[in-house]
Participant: 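Take this structure first; my questions come after.
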Amino acid sequence: MPEQVYSHQEIESKWSARWAADPKLFAPEDDSPKPKFYVLEMLPYPSGALHIGHVRNYSIGDALARYKWMRGFNVLHPMGWDAFGLPAENAAIKNNRHPSEWTHSNIEQMKRQHRRMGFSYDWNREVSTCEPEYYKWNQWFFIRMFEKGLAYRKQALLNWCNECATVLANEQVVDGCCWRHEDIPVEQKELTQWFIKITAYAEELLRDIGNLQGGWPDRVLAMQTNWIGRSEGAEIDFTLETGEKVRVFTTRVDTIYGATCVILAPEHDIVKLYATGEIAAAVKAMIDKRATQGPGDVEKEGIFTGLYAINPFNAERVPVWVANFVLTGYGTGAIMAVPAHDERDFEFCTKYGIPIVPVIRPADGALPDAVREAFGDYGVVENSGQWSGIASAEARKQMAAHAKANGFGESAITFRIKDWGISRQRYWGTPIPMVHCAVCGVVAVPDEQLPVLLPPDPVLKGTGQSPLAADESFVNVPCPKCSAPARRECDTMDTFVDSSWYFYRYCDAHNNEAPFDPKKIAYWFPIDQYIGGVEHAILHLIYSRFWTKMMRDIGLIANDEPAARLFTQGMVIKDGAKMSKNKGNVVSADDMMDEYGADTGRLFGLFAAPPERDLDWTASGAEGAYRFIGRVYRFVTRSIDRLDTPGAPTDADRKVLRKLHQTIHKITNDFESRWHFNTSIAAFMELVNEIYANEAQLTGATLREVLEKVVLLLAPFTPYVCEEMWELMGRPGPVLKQPWPEYNAELAKEDGAEVIIQVNGKLRGKLTVPFGTSKEELERLAMADEKARPFIEGKAVVKVIVVLDKLVNVVVKG
RNA sequence: GCCCGGGUGGCGAAACCGGCAGACGCAACGGACUUAAAAUCCGUUUCCGCGAAAGUGGAGUGCGGGUUCAAGUCCCGCCCCGGGCACCA
């Protein structure tokens, strides 16, 4: 066969069709004796077009999946669609199409692109979250949580995005703006909504971060730790002169003798009870201002309520204020202000002339006469009755215990994380399976009536009213308990519910009796490797962890965490900016595949940067990857006829085989440790350069040996062209079921050790010696070395450092 | 302010355990092939000196110190860039 020109269209369309025709090709085996490996990439939202960011994400997972198959694992590698959500509904309003139609046509488009990319998914397990077979189980889980008190309704101030016309969870607010609309400030609205009690798991979510260390990126774990935000402190009751108690939360109860006022959040119950006239008006103004204010520094403002409270530790009477910087949703919504030891309290009390009383001194200093700035560190407690002279840390414990013993407080822990508000006033989501009955109250839809189907013909306006409420035939329903006329809940669920457990469904995607068969979960879980963007570090990834723990506690599964290992890949950058529609720098997967092909797209994406780092997409870089694939392909095709030509082994054979085994070692290591495929591919390029340099001298047997291994090593990165070359070499496929090339350390070994000669740490010469040459001999050779000698002669040799097979460093003086 | 990353040629990067800084690729330049071009193959390219050249000397991994025979790598103190959290009591 003469040398062939690499034509990606021909090769990729040929194998894409063949792979699609074999539904078992990428399916895991039942009852397999092989060890299992579950590799998962985050499922996409079906926007309609795959772009380079997706391609990068899936190329990483696909390389791993193919490698694991070749290493003899039974691999589960599924794909699905996060198919509910706002874009479908907004597109529907704009184009007057049904969200379902829009979504399904997008899925079809993207699935075609996926197939074209040749990713090794088991499409038999495809999950689409907008199908009743899937969202039925969202409802089922919701009812289980309702029964356990983990799903509940309450009135609360909620984040509202006017553009989305719906409520947002705290996790969906970024810099005070909507996560989908970075320039739309989120407003606060008081609404009655459904919440999921993720806070019941706050302690465990935090504790188990310890078990994820090593398997999950530190960055993600740090972000989750921050988000959960545990603070240890105490709650203390200050008694008002009117008799009510105001409970404050503090992490520094040791400073309580320095408390000079109590400050309430504007929304606090006591304020509602006692604020009248001018004060009430000022408080309302504060609430309104805060509701519309964006993020950033806000001037502290407050007003005296006219009330006084008694500090239970020293019986001192302190004024009660209301201030805009005290948050209603954190701690108890009330604080004791200790201006001498808290920067914020200092700022506030200075502004309003409230006294400042220092009670903590630095361990090696004295109490200041006049406080010029807050001293917030731990120190020694002073002027604090029986605790004077005790260190802060110890005083905290003792004073909390004292409060408890005397019935006016106790040690307490608060979390920053809040319950997950899941009600959405939109159509395209899972209906919340609840009924409101005038007699029975809120009643769950019985399991046998699930799923509660979305009505097929919604009236969509995007006005902020739940579209389901306009559909009388949906709304009106008899109460499941008493059969009296009742009304259905009309909100739908946050789509993050859908993505919290989809990866369990892949294990048993067509189960009609249960969300999944626990036996299948026991086999596949935890996910061995999860791969996705870091933007989900606290959204999807914290919800998923919660959902797993919840499912464990209702007895469905045994694992505590969904994924043993997580990998977060970097963003794709083009022309200095993150690829996004707004910036107009998106490269579509289709355009890329037309021009360069799927293999090139994958190879460049993996070669241009280590996968965790941001990747610069450049056309010239892609050209380079394309040229390289062509270089391999041309060599293989022009060598086909020589593969079985007999001949005596040559020096070139040995050199190329050595390079081959060094490359096997390198690539295998990269797969097994840090996934720096950029260096795997660089090593592979070096191998190909070596083969080119020795082409004429290679014998047939070596050519066959080396080229077959070349194809196998490259297959996880560029599967199409490798499948084609494998076939051309007369080998039966598929490549991903071939064993991974085995490393032979003997063949990889160099002829001799290259030892560098340094004088005072500077490189002065090189030696090639047999491995294991003795210290004395190396020292002798170094001293005699022609290049090194001029730097040694005439100087006193202080000492000589020898590292066997590696280096000699002669230290001289003078 | 606190918590994570990161800073190396014209560019993307490599150097994994402290041991030859810049592998591999892009771009640029030169050569071969060609009537010519494209494609392909081969070569050069951190900076500053000296040299016609082969070579050869010095400097160099954000900045300042330190440890060490030896530092991009370890330690101390800074600067800059990216990300997360943030009146969280």
Side-chain angles (χ1 to χ4, degrees), chain A residues 3 5 174-175 217-231 233 248-253 255 263 295-300 323-327 329-338 341-345 347-348 376 414-417 534-535 537-538 570-571 573 604 607-610 612-625 627-628 630-631 634 666 669-670 673-674 676 678-689 692-693 695 754-766 787 798-803 806-812:
Chain A
E3 178 179 297
V5 173
V174 177
D175 286 339
D218 288 342
R219 180 159 62 133
V220 171
L221 297 180
M223 282 162 75
Q224 292 208 357
T225 304
N226 259 336
W227 187 258
I228 295 167
R230 183 181 192 272
S231 307
V248 305
F249 175 74
T250 176
T251 53
R252 291 296 302 275
V253 67
T255 65
I263 311 179
D297 261 346
V298 175
E299 166 84 17
K300 288 183 179 51
N324 62 347
F325 73 97
V326 177
L327 305 172
Y330 186 77
T332 59
I335 64 161
M336 59 176 201
V338 184
H341 303 293
D342 181 280
E343 220 175 284
R344 296 151 300 175
D345 297 347
E347 190 188 330
F348 184 80
T414 55
F415 291 92
R416 209 190 72 90
I417 190 171
V534 74
E535 66 273 15
I538 41 185
M571 296 183 302
I573 306 286
F604 176 66
F607 174 65
E612 72 276 10
R613 233 189 279 180
D614 288 351
L615 169 82
D616 251 297
W617 178 267
T618 62
S620 56
E623 297 276 1
R627 272 200 294 270
F628 177 72
R631 193 166 149 88
R634 283 191 305 275
K666 168 83 187 128
N669 265 350
D670 278 337
S673 59
R674 50 177 201 166
H676 278 198
N678 53 329
T679 62
S680 309
I681 294 164
F684 191 86
M685 288 171 168
E686 285 186 59
L687 169 63
V688 172
N689 290 344
Y692 261 77
E695 177 169 11
E754 189 173 77
V755 173
I756 59 165
I757 303 171
Q758 296 180 332
V759 179
N760 286 348
K762 285 202 160 85
L763 178 70
R764 296 301 181 192
K766 285 181 190 182
K787 291 201 175 130
V798 180
K799 66 168 143 177
V800 181
I801 311 279
V802 180
V803 182
K806 229 175 195 175
L807 128 163
V808 180
N809 187 10
V810 183
V811 186
V812 299

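Quick note on labels: first sequence line is chain A, next is B, and so on, each numbered from 1.
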Participant: If you measure from the P atom in B/U8 to the same atom in B/G62, how many Å do you get, rounded?
Facilitator: 6 Å

Participant: Checking all strands, does A/N689 fall into the base, sugar-phosphate, or nothing category for heavy-atom contacts under 4.0 angstrom?
Facilitator: sugar-phosphate

Participant: For B/G82, give its Watson-Crick or G-U wobble partner with both distances under 3.5 Å, or none.
Facilitator: B/C4

Participant: Provide the distance between the two P atoms, one in B/C47 and one in B/C29, to the nearest whole Å.
Facilitator: 16 Å

Participant: Quiz question: by atom type and distance under 3.5 Å, do the side chains of A/T679 and A/K666 form a donor-acceptor pair?
Facilitator: yes

Participant: First locate atom CG of A/N324, then atom CZ of A/F348, and finally report the distance between them rounded to the nearest 0.5 Å.
Facilitator: 8.0 Å

Participant: When you measure from the side-chain N and O atoms of A/K806 to the phosphate of B/G19, is any distance below 4.0 Å, counting only OP1 and OP2?
Facilitator: no

Participant: Could you give me the CA-CA distance, side-chain angles and deciding distance for A/R613 and A/N678, then say whether side chain to side chain donor-acceptor pair (under 3.5 Å) is met?
Facilitator: CA-CA 11 Å; A/R613 233 189 279 180; A/N678 53 329; over 6 Å; no

Participant: Report the nucleotide, chosen from B/C87, B/C85, B/A27, that has the shortest atom-to-atom distance to any side-chain atom of A/N324.
Facilitator: B/C87

Participant: Taking the C1' atom in each of B/U68 and B/C75, what is the distance between them to the nearest angstrom?
Facilitator: 12 Å

Participant: Can you figure out which of B/A14, B/U56, B/C24 approaches the side chain of A/K787 most closely?
Facilitator: B/U56

Participant: Quickly work out the A/R613 CZ to B/G83 C1' distance and round it to whole Å.
Facilitator: 15 Å

Participant: With syn defined as a glycosidic angle within 90° of 0 and anti as everything else, classify B/C17.
Facilitator: syn

Participant: Map A/G621 and A/F325 onto RNA chain B by nearest heavy atom, then report which one ends up closer to the 5' terminus.
Facilitator: A/G621

Participant: Short question: side chain of A/D345, backbone of A/V338 - any donor-acceptor pair under 3.5 Å?
Facilitator: yes

Participant: Using whole Å, what does the distance between atom P of nucleotide B/G25 and atom CG of A/L687 come to?
Facilitator: 12 Å

Participant: At under 4.0 Å between heavy atoms, what does A/E754 touch on the DNA or RNA strands: base, sugar-phosphate, or nothing?
Facilitator: base

Participant: Mapping A/L615 and A/G624 to their closest nucleotides on RNA chain B, which lands nearer the 5' end?
Facilitator: A/L615

Participant: Can you see if the side chain of A/R219 gets near the phosphate of B/C85 - specifically, an N or O under 4.0 Å from OP1 or OP2?
Facilitator: no

Participant: In whole Å, what is the span from the CG atom of A/N678 to the C1' atom of B/C24?
Facilitator: 9 Å

Participant: What is the nucleic acid contact for A/K666, judged by heavy atoms within less than 4.0 Å: base, sugar-phosphate only, or nothing?
Facilitator: base

Participant: When you get a sec, tell me which of B/C87, B/C69, B/C20 is the closest nucleotide to the side chain of A/I756?
Facilitator: B/C20

Participant: Sticking with atom C1', work out how far B/C74 lies from B/A89, rounded to a whole angstrom.
Facilitator: 40 Å

Participant: Assign A/G229 to base, sugar-phosphate, or nothing according to its heavy-atom contacts below 4.0 angstrom with the strands shown.
Facilitator: nothing

Participant: Give the nucleotide from the list B/C69, B/C3, B/G12 with an atom nearest to the side chain of A/K799.
Facilitator: B/C69

Participant: Under 4.0 Å between a side-chain N or O of A/S673 and OP1 or OP2 of B/C16?
Facilitator: no

Participant: Please report the distance separating the P of B/U44 from the corresponding atom of B/G55, rounded so that it comes out in whole Å.
Facilitator: 11 Å

Participant: Between B/C11 and B/C63, how far apart are the two P atoms, rounded to whole Å?
Facilitator: 16 Å

Participant: Atom CE of A/M685 to atom C1' of B/C24: distance rounded to whole Å?
Facilitator: 7 Å

Participant: Side chain of A/Q758: nearest nucleotide among B/G19, B/A14, B/C3?
Facilitator: B/G19

Participant: When you compare B/A15 with B/G51, how far apart are their P atoms, in angstrom units rounded to a whole number?
Facilitator: 39 Å

Participant: Choosing from B/G84, B/C20, B/C26, which nucleotide comes nearest the side chain of A/S620?
Facilitator: B/C26

Participant: Determine, step by step, whether A/T414 and A/Y330 satisfy the side-chain contact (heavy atoms from CB on, under 4.5 Å) criterion, reporting the C-alpha distance in whole Å, the side-chain angles of both residues, the deciding distance to 0.1 Å, and the verdict.
Facilitator: CA-CA 8 Å; A/T414 55; A/Y330 186 77; 3.2 Å; yes

Participant: With heavy atoms under 4.0 Å as the rule, sort A/Y692 into base, sugar-phosphate or nothing.
Facilitator: sugar-phosphate

Participant: Which part of the nucleic acid, if any, lies within reach of A/K766 when heavy atoms closer than 4.0 Å are counted: base, sugar-phosphate only, or nothing?
Facilitator: base

Participant: Does B/G66 fall in syn (glycosidic angle within 90° of 0) or anti?
Facilitator: anti

Participant: Tell me whether the OP1 or OP2 atom of B/A89 has a side-chain N or O from A/R252 closer than 4.0 Å.
Facilitator: no

Participant: Can you tell me how far C1' of B/A23 sits from CD1 of A/I681, to the nearest Å?
Facilitator: 15 Å

Participant: Only pairs with both distances under 3.5 Å count, Watson-Crick or wobble alike; so what is the partner of B/G19 in this structure?
Facilitator: B/C69

Participant: Any base atoms under 4.0 Å from A/I263, or only sugar-phosphate, or nothing? Heavy atoms, all strands.
Facilitator: nothing

Participant: Grab the NZ-P distance between A/K762 and B/G19 for me, whole Å please.
Facilitator: 18 Å

Participant: Rounded to whole angstrom units, what separation is found between the CG atom of A/D218 and the C1' atom of B/C4?
Facilitator: 8 Å

Participant: Using the C1' atoms only, state how far B/G6 lies from B/G72, rounded to an integer number of Å.
Facilitator: 14 Å

Participant: Of the nucleotides B/C69, B/C16, B/A89, which one has an atom closest to the side chain of A/N809?
Facilitator: B/C69

Participant: Give the rounded distance in Å between these two atoms: CH2 of A/W227 and P of B/G83.
Facilitator: 17 Å

Participant: Applying the Watson-Crick and G-U wobble criteria at under 3.5 Å, what pairs with B/C29? Answer none if nothing qualifies.
Facilitator: B/G43

Participant: Please work out if A/V248 contacts a base, only the sugar-phosphate, or nothing of the nucleic acid, heavy-atom cut-off 4.0 Å.
Facilitator: nothing

Participant: For a quick check of understanding: with a heavy-atom distance under 4.0 Å over all strands, which category does A/P610 fall into, base, sugar-phosphate or nothing?
Facilitator: sugar-phosphate

Participant: How far does OG of A/S231 sit from CZ of A/F415, to the nearest 0.5 angstrom?
Facilitator: 9.0 Å

Participant: Tell me whether the OP1 or OP2 atom of B/A38 has a side-chain N or O from A/R627 closer than 4.0 Å.
Facilitator: no

Participant: Between A/R252 and A/H341, is there a donor-acceptor pair closer than 3.5 Å when you use the side chain of the first and the backbone of the second?
Facilitator: no

Participant: Less than 4.5 Å apart, side chain to side chain, heavy atoms only: is that true for A/V534 and A/V220?
Facilitator: yes

Participant: Mind checking who B/A14 pairs with, Watson-Crick or G-U wobble, both distances under 3.5 Å?
Facilitator: none

Participant: Do A/V800 and A/V808 touch side chain to side chain, with heavy atoms closer than 4.5 Å?
Facilitator: yes

Participant: Categorize A/R230 for me: base, sugar-phosphate, or nothing, with a 4.0 angstrom heavy-atom threshold over every strand shown.
Facilitator: nothing

Participant: Contact class for A/R634 (heavy atom, under 4.0 Å): base, sugar-phosphate, or nothing?
Facilitator: sugar-phosphate

Participant: Does the side chain of A/L615 reach to within under 4.5 Å of the side chain of A/M571, using non-hydrogen atoms?
Facilitator: no

